Amino acid sequence: TKTHLQGKAIWNVVELPNGNLLIQVDDVELVEYDGTQFVGFIEKHGMENPQEYLNELFVDSSNRIWIGTQSGVLLYENGKFKRFTSEVGLSNDFVWVIREDSRGRIWIGTDGGLNYYENGQIINITDQLNLASEVISDIVEDIDGDIWVGTEKGLCLLRYINGKWEHELFELDPVYLRDTQSLIIDNEGFLWNGTNGGLHCYNIALYKETGQMKSSYFPLEEYGNGIEFMHKAAIRSKNGKILFGTARDGILEYTWMPKGKPAFSKSPIIVEATSNFEPFDYVEGEVSEIEYSDNNVEITFSGLSYSVP
């Protein structure tokens, strides 16, 4: 159906507490749609549209509406707008991502660090983290309540222990890991990281148990640096499927396969090979020979089943 939005770029859509849709149009405009008509959201609620660059729309569990802009965060609550900027503690005014954790904290990732909103206050924890990059791309909470932060140069794991934030850094892999574009946890607790050069999967449960981070990399294309994923374009459906938005390859759908029933549309990727507990050299796709005395061989591999609807 044609509307007055025909021909305009739609950057984001969220459902409002009243059931209407809040639509981000052409970077700078917010429109509310009730099923029959479109009205300017900010103007409707008594504020002049500042015509500023918009990066994020988020509705939290308390039905508050958060808008990330190039000039801080706009919070719409109880019929009024309130703006948070670096003047009140925000690490940077250019806001990329807003998320909520299970404790009700509102996490705010900016072009210059990480913050959260709690008890009416903005709390900037950037200086505590020593990040390789302070450009925050996405934020996700795992099944243990720990926070994973994606940046331009790797991942950061946050744990709140004894009244303070403890952090661990997983920095840029010079071969595979690109800029984080989207983070999501699947139903089995694995962390998926869509980048601008392929998809990574991290076994974070194993890391927490052993201290060893096992990861798998899927370029998902035969040539080039890997499929480019879009910023924050990942969602887990109720049936466990994960949908990723890509820059040029449409929507990628991932379905977890039960153990013992692998179904790979790509050849499995060998992550590590050892003989008598020592790594041995191998060439992908070729036959590898080992000594007769090397009678303890272990091969770790990964695979991905995916489709493009």
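What's counted below: heavy atoms across the whole structure, side chains too, no hydrogens, waters or symmetry copies. Since the structure is predicted, the reported quantities are computational estimates derived from the model, not experimental observations.
- Hydrophobic cluster of V73: the remaining members, joined at side-chain heavy-atom separations below 4.5 Å, are F58, W66, L75, F84, V88, L90, V95, I98, I106, I108, Y117, I122, listed by chain and number.
- Ring centroids of W165 and Y116 are separated by less than 6.0 Å, placing the two rings close together.
- Listed by first and then second residue, the salt bridge (charged side-chain N to carboxylate O under 4.0 Å, His left out) pairs involving residues 108-137 are R105-E118 (not counting sequence neighbours).
- Listed by chain and number, the residues in a side-chain contact (heavy atoms from CB on, under 4.5 Å) with E228 are N196, A247, R248 (sequence neighbours excluded).
- Annotation: side chain to side chain donor-acceptor pair (under 3.5 Å) contacts of N239 (sequence neighbours excluded): S237.
- Not a single donor-acceptor pair under 3.5 Å links the side chain of S62 to the backbone N or O of R64.
- Here F94 and W96 bring their ring centres to under 6.0 angstrom of each other.
- The salt bridge (Lys or Arg N to Asp or Glu O under 4.0 Å) check on R236 picks up nothing, with sequence neighbours excluded.
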(message) Before you tell me yes or no, could you show the steps for F41 and I65 under side-chain contact (heavy atoms from CB on, under 4.5 Å), namely the whole-Å CA-CA distance, both residues' side-chain angles and the distance that decides it to 0.1 Å?
(response) CA-CA 11 Å; F41 176 77; I65 301 166; 3.7 Å; yes
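- In this structure a side-chain-to-backbone donor-acceptor pair under 3.5 Å is present from D101 to R103.
- The environment of L21 atom CG is dense: over 12 non-hydrogen atoms of other residues, nucleotides or ligands sit within 6.0 angstrom.
- In this structure, CD1 in I123 is found 9.5 Å from CG in N115, a value given to the nearest 0.5 Å.
- Under the side-chain contact (heavy atoms from CB on, under 4.5 Å) test applied with L155, the options T180, L169, L131, D138 reduce to a single match, T180.
- Applying the ring pair (Phe, Tyr, Trp, His ring centres under 6.0 Å) definition to pairs two or more places apart or across chains, those involving residues 137-158 are W148-F170.
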(request) Tell me, with the steps shown, if E168 and R159 meet salt bridge (charged side-chain N to carboxylate O under 4.0 Å, His left out). (result) CA-CA 9 Å; E168 299 167 67; R159 292 166 165 166; 3.2 Å; yes
